[in-house]
Structures are given as C-alpha cells and as structure tokens.
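Here the structure is laid out as structure tokens; the discussion comes afterwards.
The analysis underlying the following values was restricted to heavy atoms, covering all of them including side chains, and did not include hydrogens, waters or symmetry mates. Since we're looking at a predicted model, the values are computed, not measured.
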Amino acid sequence: MVTLKLPDGSVKEYPNGTSAFKVAEGIGKRLAQAAIAVKVNGEITDLARELPEGEHAFQILTEKDPDSLEVLRHSCAHVMARAVMRLFPGVQLAFGPALENLFYYDIQSPTPISEEDFPRIEEEMRKIVEKAEPFERFERPLAEARALVADLKQQLKVEHIDEEFQHHPSLSFYRQGEFIDLCRGPHIPHAGKIGAFKLLSIAGAYWKNDSSRQQLQRLYATAFFSKKDLDEYLDKIEEAKKRDHRVLGKQLKLFAISPLVGSGLILWMPNGSIIRNELETFIKDELTQRGYSPVYTPHIGRLELYRTSGHFPYYRDAQFPPMYTRPAAGTLDLCQYRLSLGELDEKRETEFLQYAKLAYFVPPQYEQAATQAEKLEMVHRYADQLLGVMQIDLPDYRKATDSKSRSDALLKWLSDQEGFLLKPMNCPHHIHIYKAEQRSYRDLPVRLAEFGTVYRYEQTGELNGMTRVRGFTQDDAHLFITPEQVESELRANIELVLFVFRSLGLNDYRVRLGFRDPKSSKYVGADEDWNTAQAALVEIVKSLGMNYTAEEGEAAFYGPKIDFVVKDCIGRDWQLGTVQLDYNLPKRFNLEYIGADNAAHRPIMIHRAPFGSMERFMGILIEHFAGAFPVWLAPEQVRLITVSEKFVEYGKKVEAELKSRHVRVRGDFRPDKMGAKIREAQMDKIPYMLVLGEKEQAAGTVAVRGRTEGDLGAVPIAEFIARIENDIATKALPR
RNA sequence: GCUGCUGUAGCUCAGCUGGUAGAGCGCGUCCUUGGUAAGGACGAGGUCAAGGGUUCAAAUCCCUUCAGCAGCUCCA
C-alpha cells in the first residue's frame, strides 16, 4: 500500500506499483498533462517511476514550480548532447548538469565545436524537441552498466564508473530515441515539454574539474517552458550588462586601464578618485574612532622579509619577479627555486616553468628533458656554470651532491644578496612596526592601519576590470592582541565590516568561513593553532547570529578567515571584506609582549580589510549603484543648467555659493537648449540639477531637479544647500 | 596558464567569398536664446592592435606577439 499526503493536506491511498503519473491522472487530466516531475518526501523524481511502499509527502510539479526548471534544463542537456552526437561523430560525453539559470554539457569531440556550429546544433535540437520522444529510465547491474557504456564507446563514462561507482550495485540510464546516457535523473516526461532553448557559449573545462586532467569543451545553454520566459531571461542579462563596472567606468570616466601601463593596473581618473577619496576619508574617520593608528610603509621590501613571512617561497608564481641588484642573482634564484622543489609533482613543475618563462629564463633544453632527475641535473649544471662565470665561489655548493643541499647552499648565498620584492601583502611591514618598540600587555591591542598598495602577478585569464587586478590598495590593518582579546577584537571587526556594508546599502552578501584543507601542504603552522583559530571563528559568527558557510581550502596560508562575498552583475562571486585570524606570523617573526607576569608572551594577529581592496570595492560599488552614486560619493553632486545665456551671470553666482560650501558643482552654461543639457546630466547620473532662468534669477531661487524624482520645484538657495548638506552628512542612499 | 571568441574614428558598431574605409553618437565652428531626457548647418578625425608571411593587390587569408571578453583552473 502507498499512502500519499498531498500539499492540500488530504491523504490518499494507492496499491503498490502505482506511478506518480497515475496518481496525477486520478486527480485530474489537466494536472497529468501539465505534470513535469514529482516531489516525494522532498526528493524530485520521474513521473513514470513506481512509488515506494509506505507513507510519503507527495507533490506533483508543474511548469509553475521553480524546481521543474532544473529538471527541464537537465533534460535539455540530454537533447543537446544527442544533437551534438548526431552532428559530430565520435563525441565523448562527460557531465551535463543544470545550474541556477542554465545548463551545460562537457564533451570531447575529435573535431572541435565552435560558436559557428550553434545554429546547426539548435536546428537539430529543434527536430528532437518536435518529435517529443519520452525519456525512459532503466537500470543495469554495475558490470552490465559498465559493459553498456563501453559498448556505446563512452570512454569518459567508463572511467567515471571505475572511479566513483565501484560500490553501487546498479546504475541508472535514460534513453531517448537512439540516445542513451548514464544518468541519475530525474527527467521530464518527454522532450516536447521544452518550450524554448538557446545555446549561449562554449568554453574549456577540465575533466572532473582537475587542471591536471584533459580539457573538454563545455557548451553552455539555457532552456525554459516558454519563449516568453527565455526572452525575459535574455533581456535581464542585457540589462545586467549595462551595470557592468567596466562599461560604466568608461562612460562615467571613473577609471582606465592602458596596455602600455600594464594589464591589471588601474588608472584612477579624476571622477573615480573623488569617490575613492570619500571612501578613504569615511573609513579613516571610523578607524580613528575605533582606536586604530594610521601608519605608512613602502611599496617594496627585502626578499629576506618575505622569506621569513613565507610569502616569497609559498606564492612565488603569483608575484612579480624579485629585483636583485646583481643580475646573475635573479637567475641563480630561479635555479635555487627549481632545486628546492626537488622531486615534486607535476603541478609544482608547471609552476616553476610558468615562473621561469615569466622571468624569460628556462635552462637550455630543459623542456626536452624526460625525467625530473635530468631536469634537476640541467638546472644544476646551469647554476654551476653561472657561478663560474660570475667568479662566485661557493664551497658548499661544490661539495653538495643532491638537490636539497645545492638549494640550501644557493639560498644561503642569495640571502646575503640585496634583493627586493614588490610587496604582495602589508603584514610583514606592519609586523616590523610592531617590533620597532618593546611592547607591554598594557599596549595591546596595537592596531596599525594603512591603505597599503600591494602587487600580485595574477594569471592573465583571471584579470577582470577592477575586480581582479595586479596592483591594488587594501584598506588594511593588523591587530596585535593577547589571547583574551581574540573574541572582542574579532567581534569588533566583523561589526565594522557590517557597518561599512550597511552604510553603502550593500545588503546582498554572504558570509564565508575559510578553513584550511587538511590535505593540502600550502598552509603553515601547527595543527592545534589552526583548530583553535577555526573554532574561535565559528563561535563568534554563531554568537552574532549570522548565516554562514564553512569552506575548506579557502583559508589564507597563515590562518582561517571570515569573508564577505558579493556577486557582480553577471553573477560571479567576489570577496570584499575579510577578517583573518593568525597564530603563525607572530611565531615566524618571533613577536613578543611583556605580560603582567613580567614574562615574554606571543601576541596573536588579526588581519582585516572591510573593503577588501579599493579597486574591487569600487568595481562592485559601481555595479551596486549602477553608476548612480549617493550624493556624498558622487563625483559631481550638482549640475547647474541655465535656461539661456542671459542667466549665466546668475549661474556663476550660484556656483560660487555652492563651491564655498564645498559642494561639487559644475555649471553647464553652454548655449544649448536646456532639454539637451538635462538629458546629458541625467546620463552622467548627477544627483541634482538646478535649472536657472528668469523666475529663479528674479526670486533668488533655484529650480531643483532630482535625478530620480524629477522636477522638485523652486526653493531659495539656502534651502537647497541645507538639503544637500543633509544628504551628504547622513550619507543618504539614492532614492 | 588552458579552451573558444574578439580587436576598424574618442565611444558603439557596419564593411559578403582579397581590389585601397563607412554610419550613429561624441568632438569643433557657426546659427538658434530656449522652462525639465536629444534645435539646426558645416567640419575635423583612422599606419583597420603590433610585427612578419602569402599575393599583382590584405582591414579581409596564414603565423607570432600584445590586449580584451566568456568559461575552466588559480586567488596570501
């Protein structure tokens, strides 16, 4: 017996072996026709499947249920794969899941697919949809299933079964016409339910998301129940693209990037600089209130500093090459890097090559060498030769016979050389401000704040407008605290981030706890420190009642962190504010304070940046406001619009008066028609326009036009000044 | 870094299978002196990303480099 509890609260009973479709038919013919899938105890399955015995919560899903879209898209992925297989013989299928608004299928094709093929593929898909063939589910025991996919010449699926499903007794398949795919489902009853679809883009993706595995082609597409929904979705995408900070940044003259200056290096134009300056003043005032001490430190530092902190050895390939005063040292440095990596995995090898190429240095014939040992030998001979030519005598290096001791000998020499690094982080500099005087527990917390500019050599494919750059300024601070202060300081910093976000109306963010991946070797420090720190973060976030996700592998290399993550206009995640807890750098730098017991103790560090970086924050802010900034941030707060040239005199008087009150005002006194001047001011997203003509001049008033509110009527100048000063003082958000 | 796509006037883009460059907006000059999102006329402006190759001939075809876009991998 199958007992079903329907959404309306009624309970119905059916004999065993009843399918959801039968139940739907029993309820009503129209429902059965409209049915897409079914939710049994919260789990979505096919309509055609037999319902299990027992009592279940039961709900038929139709086009109206958002969950149905996911089922539809997954089925459409099958249709797309089927069409591709018809057109491109020898295609291997990988995975084809549905995402939030779209779906993809990863495939491997002997003849590469390009966007030019989209019309053909879509045409073929249309034929399949028109035929409205059903999706039929069947199961096979593991061995038979493996034989079936092997028979279908789907090598990737065979691999997948071997790697993941060894303990599954049986596997499910879906058949649609000639097309059979290993698949968990669920699917729509038949292809005719697909009302509208569109192929969107093609991109590379690694097999099982592993960059050491083969790269596949990923076809992105989307599907809806109706053409109208599809068009709405496409329009929405177009609208979102108009908020793109790269587009608005150009339009509103906020920032520029020049290939001659370098990709990923932001040029802040005057308009953008005004906004940045306002933001910096805002946060500086806040920090002064909260007991921070502003400091300044240089843009570069000795290599030795970053060897101590770990930045240089751990993140070498993500930095600009080091600057050595002796040219040969740069090359020997690379030799040392390679030798120190020793017999390491493919990934580190790739890192080395990447880095060596960046520095225009790869030992002769290096890439042809077959084994690691040969490569190491080649590097060694090269280093040896260089030492000879430069007449550098390193007895330790000559005596050494293995890579490790060769690396050590080189490192010892390199450490004596003068070498600098563009700073990748501010912490080592701030640490040395802490160390510059003796600290007592009475001094703690020491809170050092700086808008510190750092440089990181991000991969070319990662660069993106202002959100991912190679030089950026963090609104950084480092706190040196006692163990007792951890909780209160963490709490204060999270509250600061929230305060900053609130002030700007940034409400659409998520909180992510970044923990270390215990399997990875990139993290420094003792296990117990990590565990303490991670536990402390969870406790605080919980006590603040925040929703959060904890993600392994998202920690900084020295400690766990709390990140505030927002989405950009096309849905990509970006980390803004961050608070990080660090037990490791204090150890590496041997930091101390004298406790009440007159003994030396180790402080704990907190790294934090409420904005993250000025560049990324600005980029996100541009998109958040769609370029229409609140009055306090707007580069131009007021535009004066004279009705004709007769009123320019009056315009200049109003301009002078506003300027004397530090309002950012510009007079548009050109002899154009005011309609045109208003339009221009609207497109420049100026918060206030003041129209000045006969009546205003006579009465000493200004006709106020709000960017969003339109004509607000004429008021005395003083009244307008009071209004805008209030907007600025309260940091009023755009209406 | 990888896969695919793109690079033509300040901006957005057209320029079919090779025959020597175009539009709209913007900009400049002049006319127009106006009441809440585009008044009119005329004009200037391009080493077709850079370098190399194929060809009688290249914006167009091929190669390399640089830069950008989407995705993947990465992200202290």
Side-chain angles (χ1 to χ4, degrees), chain A residues 104 106 112-117 200-207 209-220 241 244 246-247 250-251 253 257-260 262-264 306 309-312 314-315 317-319 347 350-351 353-355 357-358 423-428 454 456-465 468 474 514 522-524 553-559 561 570 572 574-575 578 580 582 585 607 641-648 670-683 689-696 703-707 710-714:
Chain A
Y104 66 79
D106 284 348
I113 296 171
S114 81
E115 288 186 21
E116 283 171 23
D117 300 316
L200 299 173
S201 64
I202 195 158
Y206 297 101
W207 172 225
N209 285 340
D210 184 343
S211 59
S212 70
R213 295 220 193 192
Q214 60 198 302
Q215 196 164 25
L216 310 169
Q217 285 196 293
R218 176 171 293 180
L219 276 95
Y220 280 94
K241 278 185 185 157
D244 191 320
R246 293 163 297 188
V247 174
K250 197 176 271 179
Q251 244 170 48
K253 299 181 179 159
I257 299 169
S258 160
L260 278 171
S263 52
Y306 296 103
S309 70
H311 291 102
F312 185 54
Y314 280 90
Y315 287 96
D317 57 318
Q319 287 161 9
K347 186 151 180 268
T350 317
E351 272 173 22
L353 262 183
Q354 248 172 40
Y355 196 79
K357 279 179 182 158
L358 173 64
K423 72 174 167 187
M425 287 190 90
N426 299 304
C427 25
V454 298
R456 300 176 189 178
Y457 195 82
E458 303 288 359
Q459 299 187 89
T460 50
E462 291 310 329
L463 298 175
N464 187 283
R468 191 79 184 265
Q474 298 175 311
K522 75 173 194 180
Y523 304 101
V524 299
E554 289 291 331
F557 76 90
Y558 47 72
K561 56 182 184 167
I570 51 176
R572 289 178 292 206
W574 298 101
Q575 173 203 314
T578 180
Q580 316 178 349
D582 178 7
L585 289 182
H607 310 234
I641 292 169
T642 43
V643 172
S644 85
E645 276 184 308
K646 286 182 226 152
F647 313 109
V648 171
R670 294 172 307 168
D672 286 337
K673 294 192 79 154
M674 58 171 282
K677 295 204 263 189
I678 287 173
R679 177 168 188 272
E680 200 167 298
Q682 285 287 150
M683 293 202 302
M689 287 152 261
L690 300 182
V691 175
L692 308 173
E694 184 91 55
K695 285 175 284 184
E696 290 75 19
V704 182
R705 182 188 161 94
R707 193 189 64 80
D711 194 346
L712 295 168

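The side chain to side chain donor-acceptor pair (under 3.5 Å) check on Q214(A) picks up Q108(A), with sequence neighbours excluded. For F312(A), there are no ring-ring contact (aromatic ring centres under 6.0 Å, His included) partners, not counting sequence neighbours. Applying the salt bridge (charged side-chain N to carboxylate O under 4.0 Å, His left out) criterion to K423(A), with sequence neighbours excluded, gives no partner residue. Partners of Y523(A) by ring-ring contact (aromatic ring centres under 6.0 Å, His included), not counting sequence neighbours, listed by chain and number: W530(A). With sequence neighbours excluded, the residues satisfying side chain to side chain contact (heavy atoms under 4.5 Å, CB included) with R218(A) are Y104(A), D106(A), A205(A), N209(A), Y220(A). Taking R468(A) as the reference, E458(A), E462(A), N464(A), W574(A), R616(A) meet the side chain to side chain contact (heavy atoms under 4.5 Å, CB included) condition, with sequence neighbours excluded. Under the rule for a side chain to side chain contact (heavy atoms under 4.5 Å, CB included), the partners of E554(A) that lie at least two apart in sequence or sit in another chain are R512(A), E551(A). Remark: K253(A) engages M269(A), N271(A) in a side chain to side chain contact (heavy atoms under 4.5 Å, CB included) (not counting sequence neighbours). Shown here are the ring-ring contact (aromatic ring centres under 6.0 Å, His included) partners of Y314(A), two or more places apart in sequence or in another chain: F557(A).
Across G46(B) and A14(B), the matching C1' atoms stand 15 Å from one another, rounded to whole Å. Taking atom C1' on both C31(B) and G68(B), the two are 43 Å apart, rounded to the nearest angstrom. U12(B) and G51(B) are spaced 23 Å apart, taking the P atom of each and rounding to whole Å. Separating the P atom of U32(B) from that of U20(B) is a span of 43 Å, rounded to the nearest Å. With both ends at atom C1', the span from C69(B) to U29(B) equals 39 Å, rounded to whole Å. Comparing the same atom, C1', in C62(B) and in U55(B) gives a spacing of 12 Å after rounding to whole Å. Using atom C1' as the reference point in both G7(B) and G15(B), the two lie 15 Å apart (nearest Å).
At a threshold of 4.0 angstrom between heavy atoms, the contacts of K677(A) with the nucleic acid are absent. Within the 4.0 angstrom heavy-atom criterion, base atoms lie near E694(A). Within 4.0 Å (heavy atoms only), S263(A) reaches sugar-phosphate atoms of the nucleic acid but no base atom. Within the nucleic acid shown, Y314(A) has no heavy atom closer than 4.0 Å to any nucleic acid atom. If you check every strand for non-hydrogen atoms under 4.0 Å, A681(A) touches nothing. D210(A) comes within 4.0 angstrom of no nucleic acid atom, judged by non-hydrogen atoms across all strands. Here Y315(A) lies in heavy-atom contact (under 4.0 Å) with a base.
Pairs of Watson-Crick or G-U wobble type, with distances under 3.5 Å, assemble into runs of 3 or more in RNA chain B at these ranges: B:1-7 with B:66-72, B:10-13 with B:22-25, B:27-31 with B:39-43, B:49-53 with B:61-65.
Between I641(A) atom CD1 and U36(B) atom C1' there is a gap of 8 Å when expressed in whole angstrom units. Rounded to whole Å, the distance from CD1 on I257(A) to C1' on G7(B) is 16 Å. With rounding to whole Å, Q251(A) atom CD is found 9 Å from U12(B) atom P.
Map I678(A) and M425(A) each onto its nearest nucleotide of RNA chain B; the residue landing nearer the 5' end is I678(A).
Distance from the side chain of N209(A) is smallest to C72(B) among U36(B), C72(B), G34(B).
Donor-acceptor pairing under 3.5 Å, judged by distance alone, is present between the side chain of E696(A) and the base of G35(B). Side-chain atoms of R468(A) and base atoms of C74(B) include a donor and an acceptor less than 3.5 Å apart. Contact of Y104(A) with G4(B) (side chain to base): no donor-acceptor pair of N or O atoms is detected under 3.5 Å.
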**Message:** One pair to check against side-chain contact (heavy atoms from CB on, under 4.5 Å): Q580(A) and Y558(A). What are the steps and the verdict?
**Reply:** CA-CA 9 Å; Q580(A) 316 178 349; Y558(A) 47 72; 2.3 Å; yes

**Message:** What verdict does the side-chain contact (heavy atoms from CB on, under 4.5 Å) test give for K677(A) and T642(A), after you've listed the backbone C-alpha separation in whole Å, the side-chain angles of each residue and the deciding distance to 0.1 Å?
**Reply:** CA-CA 9 Å; K677(A) 295 204 263 189; T642(A) 43; 3.2 Å; yes

**Asked** Base, backbone or nothing for each nucleotide of nucleotides 23-32 of chain B, written B, S, -, heavy atoms under 4.0 angstrom, 5' to 3'?
**Response** ---------B

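Panel note: side chain Q319(A), backbone H311(A); a donor-acceptor pair is recorded below 3.5 Å.
Proximity of S114(A) to the phosphate of G4(B): no side-chain N or O atom is located under 4.0 Å from OP1 or OP2. Phosphate proximity of G34(B) to K646(A): present, with a side-chain N or O under 4.0 Å from OP1 or OP2.
The two residues K241(A) and V247(A) come nearest to each other via the heavy atoms O-CG2, 4.2 Å.
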Between protein and nucleotides 69-71 of chain B, what N or O pairs are separated by less than 3.5 Å?
| from | atom 1 | to | atom 2 | distance (Å) |
| --- | --- | --- | --- | --- |
| C69(B) | OP1 | R246(A) | NH1 | 3.0 |
| A70(B) | OP1 | R246(A) | NH1 | 3.4 |
| A70(B) | OP1 | R246(A) | NH2 | 2.8 |
| A70(B) | OP1 | R572(A) | NH2 | 3.3 |
| A70(B) | OP2 | R246(A) | NH1 | 3.1 |
| A70(B) | OP2 | N464(A) | ND2 | 3.3 |
| G71(B) | OP2 | R572(A) | NH1 | 2.6 |
| G71(B) | O3' | Y220(A) | OH | 3.1 |
| G71(B) | O2' | Y220(A) | OH | 3.2 |
| G71(B) | N2 | G204(A) | O | 3.4 |

